[in-house]
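These notes concern the structure reproduced below.
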Amino acid sequence: MRTIIHSGLVIDPANNIQKIADVVINNDKIELVGNASGISIDNEIDASGLVVCPGFVDLHTHLREPGFTKKETIQTGSLAAVAGGFTSICCMPNTNPPIDSELVVSYIKNKALEAGFCDVYPIGAITKNQEGKQLCNYLSLKDAGCVAFSDDGKPVFDPNLLYTALVYTKDIGTVFALHEEELAFSKDGVINDGKVAFELGLKGIPNISESIMIARDIEILRAVSQAHLHICHVSTKESVELLKNAKKEGLHITFEVTPHHLALTEDEVYNYNTYAKVNPPLRSKEDLDMIKNAFKQDLVDAIATDHAPHELDTKNVPIQEASFGISGLETAFGVVNTYLVKQNIISLQKAIELLTIKPAKVFGLDAGTLSEGSFANIVLLDVNKQWVVDTNEFKSKGKNTPFNNKTLVGSVEQTIYKGKIVYRR
């Protein structure tokens, strides 16, 4: 069964392609990117006026299952992913039980196969039960299918524990994705430690709570130079500077930025807006400007959603009691296109690169490309279409987003996974 996607602007940063071309799908694989004249075709997709690019890759998704299925399930999270153009998502281990055993990895992989909407890659826990006391068996978890390791939601408090993990795994290509937070500074904090926290009378989370941990872990990485650290959801100007210098030094360190941290500031929390409560918090305009400058300098390795769905009961409470987190899969491209591309911070091709091949390379995933012979994981985008975010239309169970009712530019029109249309706007 052959399908042709014709008349679209094909952008595939992995192969340095940006041109009007045909994409031919043969069953579940890409057969041709170029001129399809003379090839017999069974189905046609007219992509006139649209961008055709690889399915997006998210390094940081919370699917909540097992354990917290009121917030999200692997099926609803996968549906949300393809509605956002993501055909590959990496799920964080703070489930119940955590992803610290081969049994849980197997459960997630089987559930993802049953859903059949996108590739789901488990991220294993760094420590057993995410308690920060005992290291997991990384080799067995990697063999079971884990693509990286993280205690996300919790930092690795014990520096010797992280050092030992890096030493033991430096030769097996393990990536440690770190949530950087020193609770001595951030404990009981609600929003960014700045003008809004002062005016609202809330305890703030200062920049140093993030940057001091990044500085510590850069020192640990220097001592185990073959290792690879990936820093999650970077939000402060100090963090960017530390990571810039570490990269210049040649250390194997990568980092991601979320759509909400590249678009919004602490001002979003005025009126005690719990839907903008997230960890790390939305920061100051100065921090936001530095984040955007990091994109201009090509320092950022991936745009990752940190999709954190919650039931609304945990948000419709006083802000001090509200859960941290933003549901981010379904707004990601619109936010990136609106706040980076349309503001001329980066090109459309660079934005697609940061959503496809660059994150795929960070975790060593076979994804993010339209190479002939690869799985036909493809997204069709209308980069000029304006739309208003309406959480009633979300596929995710999580309706918790500060972008609700905001106008974004750039929409996901169709998502194709292994040759089948799994989402159509």
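Because the structure is predicted, anything quoted here is derived from the model rather than measured.
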Practice task
Please confirm whether H60 and H307 have ring centers closer than 6.0 angstrom.
Solution key: no
Exercise for the section: Kindly say whether S48 contributes a backbone atom to a donor-acceptor pair with the side chain of S7 at under 3.5 angstrom? Expected result: no
Problem - F375 six-ring centre to K418 NZ/CZ under 6.0 Å and within 45° of normal - result: yes
Handout entry: Residue pair S284, D287: steps toward the side chain to side chain donor-acceptor pair (under 3.5 Å) verdict
Key = CA-CA 5 Å; S284 69; D287 292 303; 2.8 Å; yes
Problem - Sidechain-backbone polar pair: W387 side chain, G410 backbone, donor-acceptor under 3.5 Å - result: yes
Handout entry: side chain to side chain donor-acceptor pair (under 3.5 Å) partners for R216, two or more places apart
Key = none
Between side-chain atoms of residues 181-190 and protein atoms elsewhere (two or more places apart, or another chain), which donor-acceptor pairs fall under 3.5 Å?
residue	atom	partner	partner atom	Å
E181	OE1	H179	NE2	2.8
E181	OE1	N279	ND2	3.1
E181	OE2	S186	OG	2.7
E182	OE2	A184	N	3.0
S186	OG	E182	O	3.4

Handout entry: Side-chain donor/acceptor of E330 to backbone N/O of K395, under 3.5 Å
Key = yes
Exercise for the section: Say whether, by atom type as modelled, one donor and one acceptor occur between the side chain of S239 and the main chain of S235 under 3.5 angstrom. Expected result: no
Exercise for the section: Measure the spacing between CG of L282 and CD1 of I191 and express it to the nearest 0.5 Å. Expected result: 9.5 Å
Practice task
For the pair K277 (side chain) and I319 (backbone), establish whether a donor and an acceptor sit closer than 3.5 Å, ignoring hydrogens and angles.
Solution key: yes
Exercise for the section: Verify whether one side chain among S371 and S374 offers a donor that lies under 3.5 Å from an acceptor in the other. Expected result: no
Practice task
Taking R283 for its side chain and T265 for its backbone only, find out whether a donor-acceptor pair lies under 3.5 Å.
Solution key: no
Exercise for the section: Please check if the distance between the ring centroids of F403 and H260 is under 6.0 Å. Expected result: no
Name every donor-acceptor pair, under 3.5 Å, that has one atom in a side chain of residues 80-95 and the other anywhere in the protein, sequence neighbours excluded.
residue	atom	partner	partner atom	Å
N94	OD1	H62	ND1	3.0
T95	OG1	P93	O	3.4
T95	OG1	P97	O	2.7

Problem - Side-chain donor-acceptor pair present, Q343, K292, cut-off under 3.5 Å - result: yes
Problem - E72 (side chain) donor-acceptor with K397 (main chain) under 3.5 angstrom - result: yes
